[in-house]
Amino acid sequence: MTTLTPSLIGPELAALGDFDAQACMNCGICTAICPLSTDVLPRRLMRYAALGMAERVRQEEEAVFSCLLCRSCEENCPAGVHITENVRLLRRWLLEHPRRLN
Amino acid sequence: MALPTREVVGLLSDNLRMRGSVLPVPVRRATHWAREMGLPKGGDTVLYTGMMYQIVPYLERLGRLQARLGGSPLGPYLGLARVANRAVRGFGMRAVARPRPAERSEFEAVPANVARLLVQAGVVFGYLYEDDLYSGALTYDMGSDAVVAAHAQRVAAVLRSNHVRHVITIDPHTTTMLRSVFPRFVQPYDFDVRSYLEVLAERGLPAGHRPGTEAGSSGEVVVHDSCVYARYEGVVEAPRQLLTQAGLAVREPERAGRQTWCCGGPAESLYPAKAAAVASERVEQLRAAGTECVTMCPICLVNLRKAAKGSIAVRDISEYLMGARAETKAPV
Ligand code: SF4
Ligand code: SF4
């Protein structure tokens, strides 16, 4: 079951900086152009973040930290999403919010 | 994966906070060229290397050592953590990661080459010597904003105390940190920051350059744009203009300018296999356009050369521009 965590986008990521994954319209151009072609970067990652899917973001830690921050995606994004800054903020969020053990 | 990442980012941050660099580079040797040139300390305009070219051979050496020693896919990064940890505690990190002189000399020559090019173009500038601090680019990329904010304050204070208003940088990562990132952390931020490529392009190289002046050059070069120069800082025309003025025929690869393809370098420490795959793909694109590739970033230089395995020549742009300069000074 997928748990949505609305606070991921609101108080948590927005507090870290100009997080704008919500502007993503899910066209997939970024993923088509990404040199890593991981199937996660960057469209799905932007979706997970925009929907507040905190656990999914955590599961994609490798994708978040392997991003080259090359901006190839961002240069071609029709919605002007600041993808690389979002990835950087997700790194920060992951570092500052380690998984809580039950 | 989670624990090592946190550990490593923490260690890099510690080093930046405590030592002003992610890795300690021997400062005296790294600034020797400026002393030899008699550059004054500080002043209205300074050349700022951010130690980027000087650090890269050490990072590269660490990666190779770990690839040999460590079996895990995280080997290189964990090794960096271990060595960085020793550095923080004051142990002999340099002995572990010291690159051979031949590995260092090419990278150490770049700041001196850039300084000579600027002098020849009539630019008056000083240097900060031990205050030429690493920009914190790697730490910023990892998301450690609080550490970078403090570091930005430190760099700004150094610039102010040395009466600096204009900063000339030599690599894309230092350029974007000092020009686009630090103003977010330091207000007011009243420093004008430009890459030496922009400064030289504005002044123009003297007429009379000829192709093929750089040792072994065919006179035709394929330009590999740095992602950071092209897409973060909009530096696309300046290198082409300079190479053309230097008498070289500029060839464009399949992905060029603002659509350039990454060298893979940013993934090198954590995911070397991914970095190598991206670099190999880029080398194929470059090879399809020519036999000599010109780079303008030390990370691109190291990664593309490694991936090229000798199939194409990969050199820094300053080498080509210096070659052209040497030719103009010779009697005709
Ligand atoms: S290119 Fe932009 S709008 Fe399209 S999926 Fe990627 S982030 Fe979303
Ligand atoms: S910045 Fe990251 S997500 Fe975007 S194209 Fe480059 S590697 Fe892919």
Side-chain angles (χ1 to χ4, degrees), chain A residues 12-19 29-42 45 49 54-77 80-101, chain B residues 1-10 13 73-74 77 137-148 173 176 180-181 184 225-233 255 257-275 277-282 285 299-300 303:
Chain A
E12 295 182 13
L13 281 167
L16 298 182
D18 297 329
F19 191 81
I29 288 175
C30 52
T31 294
I33 219 159
C34 174
L36 287 175
S37 307
T38 66
D39 195 35
V40 177
L41 282 170
L45 195 57
E55 261 323 294
R56 285 284 171 85
V57 171
R58 282 206 175 91
Q59 284 162 10
E60 299 304 342
E61 189 164 309
E62 178 171 333
V64 175
F65 279 93
S66 58
C67 170
L68 303 157
L69 302 181
C70 72
R71 279 199 187 169
S72 221
C73 50
E74 195 168 318
E75 183 72 20
N76 295 283
C77 170
V81 178
H82 296 120
I83 302 170
T84 46
E85 181 61 3
N86 291 344
V87 170
R88 227 183 51 76
L89 292 174
L90 285 172
R91 287 179 179 177
R92 199 172 145 197
W93 179 82
L94 283 166
L95 292 170
E96 292 176 7
H97 298 79
R99 193 191 301 271
R100 286 173 213 92
L101 296 174
Chain B
M1 160 70 202
L3 181 65
T5 304
R6 281 178 185 80
E7 202 174 82
V8 170
V9 174
S13 300
L74 285 169
Y77 218 60
L138 182 55
T139 317
Y140 181 71
D141 286 352
M142 289 296 168
S144 300
D145 287 21
V147 177
V148 174
H173 296 270
T176 198
S180 304
V181 175
R184 288 158 61 177
D225 289 280
S226 133
C227 298
V228 175
Y229 261 155
R231 284 190 282 266
Y232 283 61
E233 297 301 322
R255 301 281 300 267
R258 292 191 69 103
Q259 295 295 341
T260 189
W261 186 266
C262 185
C263 70
E268 176 66 25
S269 313
L270 262 175
Y271 303 105
K274 291 183 189 190
V278 173
S280 294
E281 196 161 349
R282 182 54 168 169
Q285 294 170 9
I299 297 173
C300 299
N303 279 282

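Convention: sequence-line order gives letters A, B, ...; per-chain numbering from 1.
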Query raised in the report: Picking from B/Thr260, B/Val228, B/Asp145, which has the most non-hydrogen pairs under 4.5 angstrom with chain A?
Result: B/Asp145
Requested in this report: Examine whether an atom of A/Leu90 lies under 4.5 Å from a heavy atom of chain B, and if so say whether it belongs to the side chain, the backbone or both; otherwise answer neither.
Outcome: neither
Query raised in the report: Residues two or more places apart in sequence or in another chain: which of them pass side chain to side chain donor-acceptor pair (under 3.5 Å) with B/Arg258?
Result: A/Glu75
Requested in this report: Work out which heavy atom in B/Arg255 is nearest to a heavy atom in A/Ser72; give both atom names and the distance.
Outcome: NH2-OG, 3.1 Å
Report task. Before giving the answer on side chain to side chain contact (heavy atoms under 4.5 Å, CB included), spell out for B/Gln259 and A/Asn76 the whole-Å C-alpha distance, their side-chain angles and the decisive distance to 0.1 Å. Result -> CA-CA 9 Å; B/Gln259 295 295 341; A/Asn76 295 283; 3.0 Å; yes
Report task. Output the distance between atom CZ (B/Arg231) and atom OG1 (A/Thr84), rounded to the nearest 0.5 Å. Result -> 9.5 Å
Report summary line: When the 4.5 angstrom heavy-atom criterion is applied to B/Ser226 and chain A, the contacting part is neither
Query - Considering all heavy atoms, the nearest A/Cys70-B/Cys262 contact - result: CB-CB, 3.9 Å
Query - chain A contact via B/Arg282 - side chain, backbone, both or neither, heavy atoms under 4.5 Å - result: neither
Query raised in the report: What residues, two or more places apart in sequence or in another chain, satisfy side chain to side chain donor-acceptor pair (under 3.5 Å) together with B/Asn303?
Result: none
Query raised in the report: So, for B/Asp141 and A/Arg88, which heavy atoms are closest and what is the spacing to 0.1 Å?
Result: O-CG, 3.6 Å
Report task. Kindly give the heavy-atom pair with the smallest separation between A/Leu68 and B/Gly264, and that separation in Å. Result -> CD2-O, 3.7 Å
Query raised in the report: Taking all non-hydrogen atoms of both residues, which atom of B/Lys274 and which atom of A/Ser66 are closest, and how far apart?
Result: NZ-OG, 3.4 Å
Report summary line: Looking only at heavy atoms, the pair that brings B/Tyr232 and A/Leu69 closest together is OH-O, 2.6 Å
